[in-house]
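Down below is the structure, laid out as structure tokens.
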Amino acid sequence: MVHRLSREQARRVALRGQLLTAERPAGIVETIDALTVVNIEPTAAIAPSADLILWSRLGWPYQPADLVRLCEEDRAVFEWGGFYRAMTDLALLIPEMRRRPESAQAREWLAANEAFRREVLARLRAEGPLRASDIPDAAQVSWRSSGWTNNRNSMQLLEMLVLCGDVAVSSRDARGRLFDVADRVYPREVPHLTDEDAGRERAERRLASLGIARVKGIAQPFEPIDVGEIGEQAVVDGVDGVWRVDADALAAADVFVGRTALLSPFDRLVFDRRRLEELFGYEYLLEMYKPAAKRRWGYFALPILHGDRFVGKLDAKADRRAGLLRVHAVHEDEPFTDEVRESVDAEIQDLARWLGLEVVGPGA
């Protein structure tokens, strides 16, 4: 059976999977578990991405300190591959960890630095948690690259050992990450899964979180955006190709109550720009890497969701010293109705209250 969906139905399936309906989730762990991944990008023009993602789902009850506690004390959440994940997903990642590092260059470098690897693991065991800067560079062979990692051997080794599952991120602070041996961060007893079973369950969970996805998408380094043959086939009116859809989300698509939300530029809902354009007809580009004169919407513009449509972008910046959320512009993709403007302004005010700031500019 191939389901035929309108774009409206497809959008609503996607929004339900991403917990962006009027019915909010109960807590942080439940939210991360349902989303499967929460991006850790630390840029804090308004707030770090993970905090914005969780606030946009949970609302005012969410506090960043609670996420820190869940990561560093309760160990209910961990980070791997640039994302926060529920600790219950660790078993699904271990088969991939065993395959790391994937590149021949990294495998050869790790083999050439076996003595360095053993020394770092012994130091972490005896003294950890430690920062990369706490670990003397004793590499037998330096890491070579054209980017910022060139000759940064202690950090590069720790990154590889995290990906391999031998080391884990123990905590974060204003200076960055602290690392420790994995068995002091991860639970000692983890179910064993084959590569095939883990891959299938990860794809099932990914489809549930996305609602609707492509069989094949652009390759991603740590968390795919496609789902293979999981789920049921679907076509979307006016969109080429075949999709896979989560049956549970599809069954509830017609019972949809939306809301207004301000999303992180790194939110999973807007991460796949092609999907965003196909399902939502929404053009978006993160412009923080562009020269200021070439930006259309702003350095860290937040996508604005209203109901089941994206309606604009919020260009704002948190000025914490002045206690202000400075709103430079609210870009309207189409002229807002009074109802949309009122809802967007209310959400901007909610964002400012959550940040402990006062709004100045449009939306004040």
Side-chain angles (χ1 to χ4, degrees), residues 17 29-40 50 70-71 74-114 117-118 120-121 124-125 128 155-170 177 179-211 213-232 244 246 248 268 271-272:
V29 177
E30 294 87 346
T31 301
I32 296 174
D33 181 60
L35 297 178
T36 69
V37 291
V38 169
N39 193 292
I40 301 178
L70 289 165
C71 290
D74 298 353
R75 300 298 190 196
V77 174
F78 73 107
E79 64 172 271
W80 188 86
F83 297 97
Y84 287 118
R85 305 166 188 265
M87 190 63 81
T88 48
D89 272 357
L90 177 62
L92 304 182
L93 286 169
I94 286 176
E96 181 174 343
M97 290 175 175
R98 295 193 195 104
R99 298 193 296 271
R100 297 281 179 170
E102 292 186 327
S103 76
Q105 178 195 9
R107 289 195 300 272
E108 291 167 4
W109 184 81
L110 203 55
N113 285 288
E114 175 61 21
R117 184 188 73 85
R118 290 197 304 268
V120 167
L121 288 173
L124 288 175
R125 175 71 63 188
M155 176 58 78
Q156 190 67 11
L157 181 65
L158 288 168
E159 296 276 12
M160 288 188 188
L161 294 179
V162 169
L163 293 181
C164 293
D166 295 328
V167 167
V169 177
S170 177
R177 292 170 294 172
F179 300 86
D180 206 346
V181 288
D183 60 18
R184 288 206 288 247
V185 176
Y186 300 153
R188 292 178 181 271
E189 299 296 328
V190 179
H192 174 78
L193 296 174
T194 64
D195 285 18
E196 181 180 351
D197 288 344
R200 181 175 182 82
E201 188 170 342
R202 282 183 70 185
E204 288 173 348
R205 286 182 41 69
R206 190 178 314 123
L207 180 58
S209 73
L210 296 173
R214 292 290 193 181
V215 172
K216 188 71 175 174
I218 298 172
Q220 303 295 321
F222 298 107
E223 194 61 31
I225 57 175
D226 52 35
V227 295
E229 301 297 329
I230 296 298
E232 300 179 5
R244 307 299 292 196
D246 179 68
D248 292 339
R268 203 70 172 164
F271 182 81
D272 184 344

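These numbers come from a predicted model, not from an experiment.
To the nearest 0.5 Å, atoms CD (Glu96) and SG (Cys164) are separated by 11.0 Å. Note that the CZ atom of Arg99 and the CZ atom of Arg107 stand 12.0 Å from one another [nearest 0.5 Å]. Atom SG of Cys71 sits about 7.5 Å away from atom CD1 of Ile40, to the nearest 0.5 Å. Between the OG atom of Ser209 and the CD atom of Glu204 there is a distance of 12.0 Å, given to the nearest 0.5 Å. Atom CG of residue Leu121 and atom CG of residue Leu157 lie 7.5 Å apart, to the nearest 0.5 angstrom. Here the CD-CG distance, from Gln156 to Leu161, works out to 10.5 Å after rounding to the nearest 0.5 Å.
With salt bridges taken as basic N to acidic carboxylate O contacts below 4.0 Å, one links Glu114 and Arg118. Ion pairing between a basic and an acidic side chain is recognised when a charged N comes within 4.0 Å of a carboxylate O; Asp183 and Arg125 show such pairing. Arg205 and Glu201 are not joined by a salt bridge, as no carboxylate oxygen comes within less than 4.0 angstrom of a charged side-chain nitrogen.
Evaluation of the salt bridge (Lys or Arg N to Asp or Glu O under 4.0 Å) rule for Arg75 yields no partner, not counting sequence neighbours. With sequence neighbours excluded, the residues forming a salt bridge (Lys or Arg N to Asp or Glu O under 4.0 Å) with Arg206 are Glu223, listed by chain and number.
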Quiz prompt | Steps toward salt bridge (charged side-chain N to carboxylate O under 4.0 Å, His left out) verdict (Glu102, Arg100) | solution = CA-CA 5 Å; Glu102 292 186 327; Arg100 297 281 179 170; 3.7 Å; yes
Quiz item: Hey, mind stepping through Leu90 and Met97 against side chain to side chain contact (heavy atoms under 4.5 Å, CB included) and telling me if it holds?
Solution: CA-CA 10 Å; Leu90 177 62; Met97 290 175 175; 3.9 Å; yes
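Here the side chains of Arg85 and Leu92 are not in contact, with every heavy-atom distance at 4.5 Å or above. In this structure the side chain of Thr36 never reaches within 4.5 angstrom of the side chain of Arg202, judged on heavy atoms. Within the 4.5 Å cutoff, side-chain heavy atoms of Pro187 are placed close to those of Met87. Counting heavy atoms from C-beta on, the side chains of Leu210 and Arg244 never come closer than 4.5 Å. Contact of the Val169 side chain with the Val185 side chain is not registered, since no non-hydrogen atoms from C-beta on lie closer than 4.5 Å. With a 4.5 Å cut-off on side-chain heavy atoms, Ile225 and Arg268 count as touching. Using a 4.5 Å cut-off on side-chain heavy atoms (C-beta onward), Arg117 and Asp166 make contact.
Heavy-atom neighbours of Arg188 CZ from other residues, nucleotides or ligands within 6.0 Å: at or below the threshold of 12.
No donor-acceptor distance shorter than 3.5 angstrom exists from the side chain of Asp33 to the backbone of Val29, with no hydrogens or angles considered.
In plain terms, the two heavy atoms of Phe179 and Leu158 that are nearest each other are CD1-CD1, 3.7 Å. The shortest non-hydrogen separation linking Ala213 to Leu207 is N-CD1, 4.0 Å. Closest of all the heavy-atom pairs between Thr194 and Pro95 is O-CG, 4.1 Å. Across every non-hydrogen atom of Asp226 and Gly217, the tightest pair is OD2-N, 2.7 Å. Annotation for Ala182 and Gly165: closest pair CB-O, 3.2 Å, computed over non-hydrogen atoms. For the residue pair Ala106 and Pro101, the shortest heavy atom distance occurs at CB-CB, 3.6 Å.
The ring pair (Phe, Tyr, Trp, His ring centres under 6.0 Å) pairs that include a residue from residues 79-106 are Trp80-Phe222, where partners are two or more places apart or lie in different chains.
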